[in-house]
Amino acid sequence: MQKKKAMVPQCSVDYGFQRIGGKHKGRIIWHLSYGIQRYGQLRKAVTGITPKMLTQTLRELEDDGLIVRHEYIELPPRVEYELTDSGRELLPFIKLLSDWAAKEMERLHIPAMEVEKHEPCIAIGARVKPQVTPALQA
């Protein structure tokens, strides 16, 4: 008979940042707010990340249930990614964090890159056709 491992209570803030923390996860989630994206589109849009790290980060987001990967068996092979309902629920918080960071950067005279403003597709259950997204640099 196997012993069950006891679940240790966790801080919800720590848990949340473990799911979306790191250098690239927030940007990947934000780019997927434009709608379904192919791997190549994400590779071009999320600058400053190696293909290996992008693949690893996409797998982590998929394991955490924030994105879903669709693989199409055709020639050439096609893979698309989209946010799950759980991933879409994060978009308003990422927007708030972005707005806060922009104010802080302005206050501290840190130059900010120009980013095209858009309204993310945050409707739960929405499925949007792929679009070309502007590059967002690190």
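Residues Thr84 and Val68 approach most closely at CG2-N, 4.0 Å, considering heavy atoms. For the residue pair Pro111 and Met105, the shortest heavy atom distance occurs at O-CE, 3.6 Å. Scanning both residues, Ser86 and Leu66, for their nearest heavy atoms gives OG-CD2, 3.7 Å.
A side-chain donor from one of His70 and Glu82 sits under 3.5 Å from a side-chain acceptor of the other.
Under the 4.5 Å side-chain criterion, counting only non-hydrogen atoms from C-beta, Arg78 is not in contact with Tyr39. A 4.5 Å side-chain heavy-atom check between Ile94 and Leu97 finds every atom pair outside the cut-off.
With rounding to the nearest 0.5 angstrom, the OH atom of Tyr81 is 12.0 Å from the CD atom of Gln41. We find the CD-CG distance between Gln37 and Leu83 to be 9.5 Å, quoted to the nearest 0.5 Å. For the atom pair Leu42 CG and Lys44 NZ, the distance stands at 11.5 Å (nearest 0.5 Å). Atom NE2 in His31 sits 11.5 Å away from atom NE2 in His24 (nearest 0.5 Å). Put simply, CG on Leu61 and CD on Gln56 are 11.0 Å apart, with the number rounded to the nearest 0.5 Å. Rounding to the nearest 0.5 Å places CD of Glu60 at 7.5 Å from CG of Asp63.
By the criterion of side-chain heavy atoms lying less than 4.5 angstrom apart, applied directly or through intervening Ile, Leu, Val, Met, Phe, Trp or Tyr residues, Ile28 is grouped together with Met53 in one hydrophobic cluster.
For Arg19 and Tyr15, the positive end sits near the middle of the six-membered ring, less than 6.0 Å away and at most 45° from its axis.
In the displayed structure, Gln18 atom CD is contacted under 6.0 Å by more than 12 heavy atoms of other residues, nucleotides or ligands.
Proximity of a side-chain donor or acceptor of Arg27 to a complementary backbone N or O of Thr47 within less than 3.5 Å is detected. With hydrogens and angles disregarded, no donor-acceptor distance shorter than 3.5 Å links the side chain of Arg59 to the backbone of Thr55. Remark: the backbone N or O of Val79 is not paired with any side-chain donor or acceptor of Arg38 at under 3.5 angstrom.
A salt bridge is defined here as a Lys NZ or Arg NE, NH1 or NH2 lying under 4.0 Å from an Asp or Glu carboxylate O, and Lys95 with Asp99 meets this definition. Between Glu104 and Arg107 a salt bridge is recorded (basic side-chain N to carboxylate O distance below 4.0 Å).
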